[in-house]
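Taking it in order: structure first as structure tokens, then the write-up.
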Amino acid sequence: MRFYDRREEIDILRQNKLQAERSAMFTVLMGRRRVGKTALITHAMADDNYAYLFVSRDNETMLCSKFQQTLEEQLGISVYGKLTKFRDLFEVIMRESQHRHFTVVFDEFQTFYNINPAIFSEMQDIWDRYHTRSHINLITSGSIQSLMKRIFEDKSEPLYGRPTSKFTLRPFRISVIRQILADANPGYRNEDLLCLYMITGGVAKYIELLIDAQCFTKEKMLNYVCRQDSYFITEGRDLMNQEFGEDSATYFSILQLIAGGMTRRSDIDGTMQKDVGTYLQNLEKNYSMIARLKPVLSRPNSKTTAYEISDNFLRFWFRFICPYQSVIERQQHALLRKNIAQHYEQFSGRTLERYFHDKTMETGLYTTVGNWWNRKGENEIDMIALNEFDHTGVAAEIKRNPNKISPIVLEEKIAALPAADFGKYTLTPLTLPMEDM
């Protein structure tokens, strides 16, 4: 699959490189696993000389040996003798950058935590001493978001406040997913687009796997996911194991409950037979794996909340793959595929709502997009999108089957919205069946 989109992110990296010719730049690039961080860097730097240093789980001496060789081959930085400490290697880099401009990329930067946590303090000291006279374009990239946030956003950490540029690479937007599928299969159906969005959520690697395997239709995509050698079978567990420590079993259980439709805190507490408040907070704030949903315009302290897995792939994996490990181990993949087929319409109905939420937000016309429901769980509106500046918006009913949409019922739901919250907004009713994707 060819390289798609990322124009804004490429522009950031290239502007940072130009600025580094005058003064040192320290860029932090974050993003979930397989979202395309390395591909972005290599594409943006394709016409430049740079050193790409992958932080593997070697000991510090072995890693320095590899880095030393790469620096000499890719940037011509010669180091006399054999360096065994990263601090010495980084000081060589910073000294050299005082005399000329170049780019150095540290990929999977957070892995230094497993090698030698003191490296971050040593980097801080060396950066503070040399960066004012340096012309380095330093890029650090990492996929374990909890660790990357800790390294660069925790005030107690030594590298806090040092980056000059920091951004997170997100999955592809709806418009890009549509473009990729249209390029691969101009005659695609909306059902195919919904399935691609449901499985991948726009994550570049996942889309690439399906497109390269010529899985352009819903049936082929789901068949590929359920194959004996499928990358997707183990990907969820691999991703989770990267992030979680000793409490991985608890986190797995919570995510499985949410994916199965248990979205209220009290229900999760009851099923788990323990207070899971801290776990839910970590999943939301530290790991960015779940979102706490509230009705649009609800009060900050509103107890009318529901939890949902933010990542489309993880939502799919925890619903259809994770609970059936025994089926997979017995290599009964046909049963796995059959189970997905039996529950596909119901599960993809909520996915269709998420699709239209993302698509509506991408228009740039609205400041808030979400659902609305009252405390009793009644009078639910699938999507309300508001422009808080001109007080306009839309209220939409979203269904796979257009025959299940009633414009009259939607008008009644809009009329029942609390005037204290929505009275100043002019809402246009909108019906969004699957054919409008």
Side-chain angles (χ1 to χ4, degrees), residues 26-42 50-75 77 79 82-93 103-127 138-154 157-160 162-163 168-169 203-206 209 231-249 251-252 282 286-289 313-314:
F26 188 163
T27 301
V28 175
L29 172 59
M30 294 185 284
R32 58 102 75 207
R33 169 182 161 113
R34 307 309 186 198
V35 79
K37 299 182 296 300
T38 304
L40 169 66
I41 293 170
T42 54
Y50 67 97
Y52 174 80
L53 306 175
F54 180 79
V55 186
S56 55
R57 291 203 174 196
D58 297 305
N59 64 44
E60 190 172 356
T61 300
M62 181 68 72
L63 200 62
C64 286
S65 177
K66 292 180 179 179
F67 287 173
Q68 190 172 336
Q69 181 179 349
T70 301
L71 288 167
E72 184 162 359
E73 292 174 352
Q74 297 182 359
L75 291 178
I77 298 179
V79 181
K82 184 177 181 180
L83 301 181
T84 60
K85 296 295 182 183
F86 179 79
R87 63 172 180 266
D88 298 327
L89 185 79
F90 190 60
E91 187 161 11
V92 167
I93 293 171
T103 297
V104 173
V105 178
F106 288 106
D107 201 357
E108 296 301 340
F109 182 75
Q110 77 285 333
T111 309
F112 278 128
Y113 255 121
N114 303 107
I115 298 168
N116 178 7
I119 283 174
F120 303 117
S121 297
E122 294 164 354
M123 281 189 72
Q124 175 211 343
D125 172 56
I126 295 166
W127 177 263
L138 178 63
I139 302 174
T140 59
S141 171
S143 58
I144 301 182
Q145 298 188 72
S146 54
L147 282 180
M148 289 294 285
K149 287 181 179 180
R150 176 180 171 184
I151 292 167
F152 294 108
E153 297 180 5
D154 188 331
E157 291 293 317
L159 289 178
Y160 174 80
R162 267 61 188 183
T168 299
L169 188 64
V203 174
K205 179 65 176 180
Y206 304 159
L209 285 167
Y231 177 93
F232 296 98
I233 293 291
T234 58
E235 171 66 1
R237 188 169 299 278
D238 292 343
L239 200 154
M240 295 296 97
N241 287 338
Q242 269 195 327
E243 293 282 1
F244 300 136
E246 297 178 357
D247 294 320
S248 61
Y251 286 118
F252 268 69
N282 286 338
N286 297 333
Y287 299 116
S288 302
M289 289 184 183
F313 169 73
L314 287 178

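In this text the structure is predicted, and so the values were computed from the model without any measurement.
Every ring-ring contact (aromatic ring centres under 6.0 Å, His included) that F67 has, sequence neighbours left out, goes to F106. With sequence neighbours left out, the salt bridge (Lys or Arg N to Asp or Glu O under 4.0 Å) criterion links E72 to no other residue. Scored by the salt bridge (Lys or Arg N to Asp or Glu O under 4.0 Å) test, D58 finds K66 as partners (sequence neighbours excluded).
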Determine, stepwise, if the pair N282 / Y287 fulfils side chain to side chain contact (heavy atoms under 4.5 Å, CB included).
CA-CA 6 Å; N282 286 338; Y287 299 116; 4.0 Å; yes
Using side chain to side chain contact (heavy atoms under 4.5 Å, CB included), reason through Y50 and V105 one step at a time and then give a plain yes or no.
CA-CA 7 Å; Y50 67 97; V105 178; 4.1 Å; yes
Please assess Y206 against F313 for the test ring pair (Phe, Tyr, Trp, His ring centres under 6.0 Å), listing each intermediate value before the final yes or no.
CA-CA 9 Å; Y206 304 159; F313 169 73; 4.8 Å; yes
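Annotation: side chain of W127 is not in contact with side chain of L159 (no heavy-atom distance under 4.5 Å). Here the side chains of I139 and F26 are not in contact, with every heavy-atom distance at 4.5 Å or above. Between I119 and N116, the closest side-chain pair of non-hydrogen atoms falls below 4.5 Å. Counting heavy atoms from C-beta outward, Y251 and M289 have side chains that stay 4.5 Å or more apart. Side-chain atoms of I93 and V104, non-hydrogen and from C-beta on, do get closer than 4.5 Å to each other. Residues I115 and N59 fail the side-chain proximity criterion, which asks for heavy atoms closer than 4.5 Å. For the pair P163/T27, no side-chain contact is recorded, criterion being any heavy-atom separation below 4.5 Å from C-beta on. Contact of the R150 side chain with the N286 side chain is not registered, since no non-hydrogen atoms from C-beta on lie closer than 4.5 Å.
The heavy-atom pair separating L83 from C64 by the smallest distance is O-CB, 3.4 Å. Closest of all the heavy-atom pairs between G31 and K37 is O-NZ, 3.1 Å. Here the closest heavy-atom approach between residue E243 and residue I144 is recorded as OE1-CG2, 3.3 Å.
Between the side chains of Y52 and D107, a donor-acceptor pair is found at a separation under 3.5 Å. Looking only at atom types and distance, the side chain of Q145 has no donor-acceptor partner in the side chain of S288 under 3.5 Å away. For the 3.5 Å distance criterion, the side chains of E108 and S143 qualify, holding a donor opposite an acceptor. Side chains of Y231 and R34: a donor-acceptor N/O pair is present below 3.5 angstrom, by distance only.
F112 and F109 have perpendicular rings, their planes meeting at more than 60° on a 0 to 90° scale where under 30° would count as parallel.
Contact check on E235 versus R33 returns a salt bridge, with a Lys/Arg side-chain nitrogen under 4.0 Å from an Asp/Glu carboxylate oxygen.
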